[in-house]
Amino acid sequence: MQNRLARVAIVGRPNVGKSTLFNRLLGRRRSITLDTPGVTRDPVSASVKWGDRRLELVDTGGLGGESVIELAEPVHQHTLESIEGADLAVVVFDGRAGLNPLDAETVALLGRGLLPVLYVANKVEGPAQEDELGEFSRLGIDPPLAVSAEHGAGIGALKDAILRAIPEQKENEEESPRGDSVCRVAVVGRPNVGKSSLVNRLAGSTLSLVDDKPGTTRDVVDLELSRGNKDYLLLDTAGMRRPSKVDRGVEELSVGRSVGAVRRAQVVLMLIDPIEGVTDQEARIANLAWREGRALVIAVNKCDVLGSEGEKRRLEETFRRIYGSLYAAKFCFMSVLTGEGVDGCFKKIDAAYTAHSLSVRTSELNSIIARAIEDRQPPIIGRGRLKILYSTQTGTRPLTVTLFVNRSGVPENYRRYLERYLRDQFDLEGSPIRLRFSKRSSHGDDRPE
């Protein structure tokens, strides 16, 4: 354990309530939970602070395959990798269902290593069920700790047991920063466009399962990443399909998580497939990010199939022509398979992040607005001409400017003119701008439009 949090992996056979327990220990809903085996596929991690102790919880897929679960074998292997990187394993049994042959396999597997293990029986809701936990002693272990993740029973005792089982953190083992120094990037797009493959390439390991069947990723998988002297938090999301194509249940929840990841991010990296071309679904995803005020980089994956630079340029021009509201998004081309263009894509992300975080002095902003007025006089509204009295930055991420004016109803074309003028002055490609107009009355009151 050097310069990282102690890692606690929650493991067990499918459908014993691992994700519900993870969410309960975390204190918020982070993993998808449904009464269906095999919902969790990728490990989902989050840091948590209990008192003065901080650690990382990891929710894993099922250990042991069941034929009804898709991708059971890779989920199993993925879970093994999470266990190898953990400092403590919390093995979860189903106290309601009782002992299962897969429980014996799990205990035998973990017994081969040196990793400390805590055993927990979930779904225990009364003394009668607690009395039946002795059957788990047939596995050669002490009776498991009884909890009910759904109702919160026994969770305090489990937290205490976890803290006793892991060593105290040293002073230099602080949580990775989550503040302004870390650029949060949501990787989004339609299913099977290469999102998880990109995250895995950057991580150098399999964080997200990759399969040629759309919809493999369900939860949002976080990856802390350093490139050069910059830190990133990548959020690998589930594929976002058209609402009419979204099945109820797991995938519906996954899409909701993807929307949440967009809102958590500062930069949205949207991958598109050059073979399928630009579709309305890409525009929906991009417009969602833009409306939420997120910086936007559009990355065309599998660029090796395009061939000439002319084809790439035409694809970009087509997108910007059809979806005019996204004219300011950044564009890049890459191949996740070969690594071509990945570094250039990160340069675009860095530039979009810088634009998104821009702060402007009030004096400089007013000088620029004054020059814009000189170049193009404001329109006449009603019985008089619009006057911009002064302006100030009132927000970042994205840049938000409030302009105090003498009249209401600023025409849309003049709004767009001022936005483009500011973009030209500050190189704001990749980030939205929000202009707010506030009418100043003769009494000095500010009345926003």
Side-chain angles (χ1 to χ4, degrees), residues 1-12 16-33 39-61 78-79 81-92 115-122 144-182 184 186 203 207-208 218-225 231-236 253 257 260-261 263-265:
M1 287 171 47
Q2 288 187 337
N3 299 319
R4 70 165 177 83
L5 300 179
R7 185 171 294 139
V8 178
I10 301 175
V11 301
V16 294
K18 298 185 297 298
S19 295
T20 303
L21 181 60
F22 173 82
N23 290 337
R24 175 67 69 174
L25 291 171
L26 190 60
R28 64 182 188 274
R29 187 172 178 178
R30 176 69 175 82
S31 285
I32 295 173
T33 57
V39 170
T40 299
R41 290 171 171 176
D42 297 314
V44 178
S45 63
S47 64
V48 65
K49 187 175 183 181
W50 297 335
D52 60 351
R53 300 282 299 278
R54 194 178 289 276
L55 51 91
E56 181 182 8
L57 300 177
V58 184
D59 180 24
T60 69
H78 218 170
T79 299
E81 292 174 10
S82 297
I83 293 172
E84 290 174 0
D87 302 289
L88 172 70
V90 174
V91 175
V92 184
L115 181 67
V117 181
L118 279 178
Y119 296 101
V120 176
N122 188 27
L145 183 67
V147 304
S148 172
E150 184 176 359
H151 299 105
I155 297 301
L158 175 57
K159 288 181 179 179
D160 291 341
I162 289 173
L163 293 177
R164 288 194 301 269
I166 58 177
E168 290 278 354
Q169 292 170 270
K170 299 176 183 178
E171 291 184 2
N172 65 340
E173 291 174 347
E174 299 293 337
E175 183 186 19
S176 298
R178 282 285 195 272
D180 290 348
S181 62
V182 176
R184 297 189 300 276
L207 290 183
S208 294
R218 287 174 170 174
D219 271 299
V220 176
V221 178
D222 294 4
L223 165 64
E224 294 181 21
L225 177 71
D231 297 323
Y232 304 87
L233 179 66
L234 298 189
L235 313 175
D236 178 23
L253 288 172
R257 292 297 171 85
R263 291 171 176 154
R264 285 173 60 200

dist E150:CD -> L21:CG (nearest 0.5 Å) comes out at 12.5 Å

Given L145 and L118, is the side chain to side chain contact (heavy atoms under 4.5 Å, CB included) satisfied, shown in steps? CA-CA 8 Å; L145 183 67; L118 279 178; over 6 Å; no

Would you indicate whether the side-chain heavy atoms of L55 and V48 approach each other to under 4.5 Å? yes

Spell out, as yes or no, whether a donor-acceptor pair under 3.5 Å connects the side chain of R184 to the backbone of R264. yes

By side-chain contact (heavy atoms from CB on, under 4.5 Å), which residues pair with K159, not counting sequence neighbours? L25, W50, I155

Contacts of A153 meeting side-chain contact (heavy atoms from CB on, under 4.5 Å) (sequence neighbours excluded), chain-then-number -> S148

How long is the straight-line distance from NZ of K18 back to CD1 of I10, given to the nearest 0.5 Å? 9.5 Å

Do R24 and V147 touch side chain to side chain, with heavy atoms closer than 4.5 Å? no

Please check this pair: side chain of N122 against backbone of A149, looking for a donor-acceptor N/O pair closer than 3.5 Å. yes

Mind checking side-chain contact (heavy atoms from CB on, under 4.5 Å) for V91 and listing every partner two or more places apart, or none if nothing turns up? V11, F93, T106, L110, V117, Y119

So D59 and N23, do their side chains get closer than 4.5 Å, heavy atoms only? no

What are the two closest non-hydrogen atoms of D52 and K49, and how far apart are they? CA-CE, 4.2 Å

